[in-house]
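Because only heavy atoms are used, hydrogens play no part in the values below, and waters and symmetry mates are left out as well, while side chains stay in. All residue numbers in this chain count up from 1 along the given sequence. Just so we're clear, the structure is a prediction, and the values are computed from it rather than from any experiment.
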Amino acid sequence: MYTVTQASKASGIGLSTVRQWSRDYGDFLSPHANPEYGHQRQYTDEDIAILRTVAVLRGQHVPHNQIPSRLADGERMEPLESEPETKEG
């Protein structure tokens with residue numbers, strides 16, 4: 001599970017945008033992404049893939065009202081892999 005900060009880094013999406021999209025696309029995210037008041041948001045790998053998918057679709061200028069149907073059809077982008085560590089020397 002990822003915190004909102006970790007989800008932001010993993011998806012390449014800003015913190016406030018992650019929070020907003022968690023509300024906007026909550027029907028497609030795990031229940032932990034929109035917890036009850038007072039509980040910390042937690043994101044799964046699938047949640048990260050959904051957030052990345054939304055980012056790509058928005059970047060392609062897909063109308064906001066078409067994104068939910070694309071998500072419902074199973075469209076997903078894979079989470080970014082961690083960048084390989086570089087050796088100093």
Task: Euclidean distance, L29 CG relative to I48 CD1, rounded to 0.5 Å - done: 9.0 Å

- [ ] Would you mind reporting whether T17 and L51 have side-chain heavy atoms less than 4.5 Å apart?
- [x] no

Task: Contact summary for T53 and E75, nearest pair of heavy atoms - done: CG2-O, 3.6 Å

TODO: Would you confirm whether Q6, through its side chain, and T3, through its main-chain N or O, come within 3.5 Å as a donor-acceptor pair?
DONE: yes

Task: Distance in Å, L71 CG paired with Q66 CD, rounded so as to fall on 0.5 Å steps - done: 12.0 Å

Open item on the list: Strictly distance-based, threshold 3.5 Å: is any side-chain N or O of S8 a donor or acceptor partner for the main-chain N or O of V4?
Closed with: no

TODO: Hey, could you give me the CZ/CZ distance between R70 and F28, rounded to the nearest 0.5 Å?
DONE: 12.5 Å

TODO: Please confirm whether the backbone N or O of D47 pairs with a side-chain atom of R52, one donor and one acceptor, at under 3.5 Å?
DONE: no

Open item on the list: If you define the side chain from C-beta out and look only at heavy atoms, does anything of D27 sit under 4.5 Å from P68?
Closed with: no

Open item on the list: Applying ring-ring contact (aromatic ring centres under 6.0 Å, His included) as the test, list every pair that has at least one member in residues 36-55; sequence neighbours left out.
Closed with: none

TODO: Without swapping roles, check the side chain of N34 against the backbone of S22 for a donor-acceptor pair under 3.5 Å.
DONE: yes

Open item on the list: Is the distance between the ring centroids of H64 and Y25 under 6.0 Å?
Closed with: yes

- [ ] Look only at the side chain of R41 and the backbone of A33, and say whether a donor-acceptor pair between them is shorter than 3.5 Å.
- [x] yes

Open item on the list: Nearest 0.5 angstrom please: S30 OG to D45 CG, how far?
Closed with: 10.5 Å

Open item on the list: Applying the side-chain contact (heavy atoms from CB on, under 4.5 Å) criterion to V62, which one of V54, V56, I67 satisfies it?
Closed with: I67

